[in-house]
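Single-structure report; data block below.
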Amino acid sequence: MRSKSLIEGKKIHQCILKSNARIDNVVVFEKLALFYVRCGEVKVARVVFDQVSSRNVILWNSIIRAYAWNGQYEKAIDLYYEMCDSGIRPNKFTFPFVLKACSGLKSLEDGVEIHERAKVEGLDCDVYVSTALLDFYVKCGCLSEAQVLFGKMMYKDVVSWNAMIAGSALHGLYEETMRLVFEMQETGNVPNSSTLVAILPAIGRTKALCQGKSVHCFRLRRAFDKETLIETALLDMYAKCDSLNYAKRVFDFVGIKNEVTWSAMIGAYVLAGCMKEALALFDKMQIEGVVTLTPATLGSVLRACAKLTDIGRGRCIHGNLIKSGICLDLTIGNSLLSMYSKSGNLDDAMNLFDEMNLKDVVSYSAIISGCVQNGNAEEALLMFQNMQLSGIDPDIATMVGILPACAHLAALQHGRCSHGQLTVRGFSSDISIGNALIDMYSKCGRVDFAKDVFYRMPKQDIISWNAMVAGYGMHGHGMEALTLFHYMLRKGLKPDSVSFICLLSACSHSGLVAEGKHWFCAMTRNFNIAPRMEHCICMVDLLGRGGFLGEATDFIEKMPFEPDVRIWGALLGACRIHRNIKLGEEVSKKIQNLGAEGTGNFVLLSNIYSAAGRWKDAAHIRLIQRNKGFKKSPGCSWIEVSGRIHAFIGGDRSHPQSAQIHEKLDELLVEMKKLGYHADGSFALQDVEEEEKERILLYHSEKLAIAFGILNLRPSDPIFVTKNLRVCGDCHSAIKLLSMITNRTIIVRDTSRFHHFALGACNCGDFW
DNA sequence: TTAGGGTTAG
């Protein structure tokens, strides 16, 4: 219909031109311009508009509106100023149109100037103008201006109410949003479809299921337009309130599903952890002919692929996107980036990252976290630097991502710098930031700083408590961990599944066997949390470390699920500590039958044999390990001095200060021998002469790092060393003596925990 | 109306 009239209109236009109608025949051209605007032919309308010599305000308004609705905001604003300059006074219709353009561009400066002009014209109190102003301030992030304006409005219609409600919802003020909805009804304004669509996301975000259900009932009692929109918003609200079943029911009843409806349902499955269902629905959507792939849909689908580590599927989607050319979208690029790194394919993520023309703060945060998650924390720190060099400012998520990199490297100076940086940026009151700081400081050896952060947090969540319990646990402060846990219960907080993992592991590192057993039972009995494999690992570790190897074995047999390699690994570790060769061999066989992963377990068994002087067996295990293609990663220890990390590998002489380090160690060896030290050859792992063993052991990486610390740190500074493997037994004995000889506190973080050495003792009680 | 990056344990 429209195109038919457009054709006819164009014919008339041609006739006018042919008839040589006088160009100043304003009325004809004005009508023609308006006609083109109505047909959506903005470009042609503008050509005609430019030909009109004397334009009235209606014509100006029409073309400004056309631009504003068409997304050509700059042109709308330019035209507005041109109109004012030409002496035409804007009227009450002009302002809403041009303000829409200002909102679109988030151009506060223009909007404020236009607001002033509206005041001059005495039109700022008009309901249309003031609602447009309100909407403009909301979208530019100035909620308080919007609230002031709203308060001053003499007359409010449903659109004004909706603008204020949507504004509050947009700014995350849930209570205020709901208060406005009630107030709106008290003043006789009935919520319409826009009201519902505005409040449902806010309800979802706060998981206010009851309110959500009330809205649903309200909607069922009345007829509304925008059916699909409301249904989709309801579906999403239920999903966000963790009510997958309701979401599914709403989805099934949606009459006309659009691509957003499908996307919302796919997202609902992903949120609920039902990744296979999400992918199945994605297939169904395409079979049913919905081919529009929005960034939102792809985001959810790629997340599902990552979770399932279905890299094949993810790659396939990536390939199709390249073929269809949609891949350029930044959001989709970021989703792909995250999919690759979360599924363990950091190289693919890096390649994609390099290829991306456009990168934003999310892209950088994704790659930074990707590096950390895949064990490359140094690269993460470099990426963080690059990001700032490219002029992109980190946000909360970036900082939450960079802190684990510092934690992983035990780079306290970097961590403290990051802490300073995020404080300057005003992020320090954020809960996630606080949680990441607690973890970082704990892992950098400063549980005292972690505690400080924890108690200064304006609000803690369950992760904060868990992180703090874990922090105490890894430092061997089991009693503090238990006390904090009790305090948490007294405050009425509900522990989650992870809380018990943190607590049990804390008990295990402090030898609190009875307490650990108590809380393991209480977990199911009093808190209705079913034990997972992770809890069982902690229990085997707790019992085994405590020397109750038989009980640990019984525990494994009684477990409700098949033990995996991690469970046996925990028992094998206990066999190593308590030198139980017989059980160690049995466990080792079980591990090999399971198709052992990693090298840790081979090393453990080999250590058990070496400790018993069974060199041939030890060598045999190392041979099997090698034949199976597992290489023992070399022991590496590092220490941060003046913000720089110095790393050492056993026997390494590449460090510039190597000569001094070796000299220092030789000197200390003499002192140590005076105190009765003799190298524990069982940790040398090689059947060589005793003297040679002594030399091998003396230059173990942790000893090198400590000697470096002694040489380069002030005597009052604690020496903090991190190791990529467990501390070796000989080093453990040696460091105890070193702490006495040098009268220094030495803290060593290994893969299992922190060892605090002082005055000749370690707080791990020699079990780790 | 949907959506991209982040924190706890093992």
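In what follows, every chain begins at residue 1, and chains take the letters A, B, ... in the order their sequences are listed.
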Quiz item: Do any of residues 257-269 of chain A sit with a heavy atom less than 4.0 Å from DNA chain B, and if so which?
Solution: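 Within residues 257-269 of chain A, the residues near DNA chain B are Asn258(A), Val260(A), Ser263(A).
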When all nucleic acid strands are considered with a 4.0 Å heavy-atom cut-off, which category describes [X]: base, sugar-phosphate, or nothing?
X	result
Asp496(A)	nothing
Leu229(A)	base
Ser499(A)	nothing
Ala397(A)	base
Val361(A)	base
Gln373(A)	sugar-phosphate
Ser338(A)	sugar-phosphate
Val197(A)	sugar-phosphate
Ile396(A)	base
Asp430(A)	base
Lys342(A)	sugar-phosphate

Practice problem: Could you tell me whether a side-chain N or O of Ser335(A) sits under 3.5 Å from a main-chain N or O of Thr331(A), the two making a donor and an acceptor? | Solution: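 Checking the backbone N and O of Thr331(A) against the side chain of Ser335(A), a donor-acceptor pair under 3.5 Å is found.
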Quiz item: Just by modelled atom types, is the Asp348(A) backbone N or O under 3.5 Å from a matching donor or acceptor in the Asn345(A) side chain?
Solution: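 Answer holds: no.
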Quiz prompt | Residue list, side-chain hydrogen bond (donor to acceptor under 3.5 Å, both in side chains) with Ser365(A), at least two apart or on another chain | solution =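 side-chain hydrogen bond (donor to acceptor under 3.5 Å, both in side chains) check on Ser365(A) returns Thr398(A).
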Quiz item: Could a donor-acceptor pair under 3.5 angstrom be found where the side chain of Asp360(A) meets the base of dG4(B)?
Solution: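 Checked by distance alone, the answer is yes.
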Quiz item: On a plain distance test, is the side chain of Asp395(A) in donor-acceptor contact with the base of dG5(B) below 3.5 Å?
Solution: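 When only heavy-atom distances are counted, Asp395(A) does reach the base of dG5(B) through a donor-acceptor pair under 3.5 Å.
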Quiz item: So is Arg249(A) actually on top of Phe253(A)'s ring, under 6.0 Å and inside 45° of the axis?
Solution: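 Negative - Arg249(A) is either too far from the ring of Phe253(A) or too far off its axis.
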What is the distance, rounded to the nearest whole Å, between atom [atom1] of [X] and atom [atom2] of [N]?
X	N	atom1	atom2	value
Asn334(A)	dG4(B)	CG	P	11 Å
Leu336(A)	dG4(B)	CG	C1'	10 Å
Leu493(A)	dT8(B)	CG	C1'	14 Å
Leu437(A)	dT8(B)	CG	C1'	14 Å
Leu293(A)	dA3(B)	CG	C1'	13 Å
Leu200(A)	dT2(B)	CG	P	9 Å
Asn162(A)	dT1(B)	CG	P	12 Å

Quiz prompt | Out of dT7(B), dG10(B), dT2(B), whichever nucleotide has its closest atom nearest the side chain of Ala296(A) | solution =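 Taking heavy atoms from C-beta onward, the closest nucleotide is dT2(B).
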Quiz item: Of Ile230(A), Leu196(A), Val181(A), which meets side chain to side chain contact (heavy atoms under 4.5 Å, CB included) against Val215(A)?
Solution: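 Answer to the side chain to side chain contact (heavy atoms under 4.5 Å, CB included) test with Val215(A) among Ile230(A), Leu196(A), Val181(A): Leu196(A).
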Quiz prompt | Any side-chain donor near an acceptor of the partner, Tyr238(A) and His216(A), under 3.5 Å | solution =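 Judged by distance alone, the side chains do pair up.
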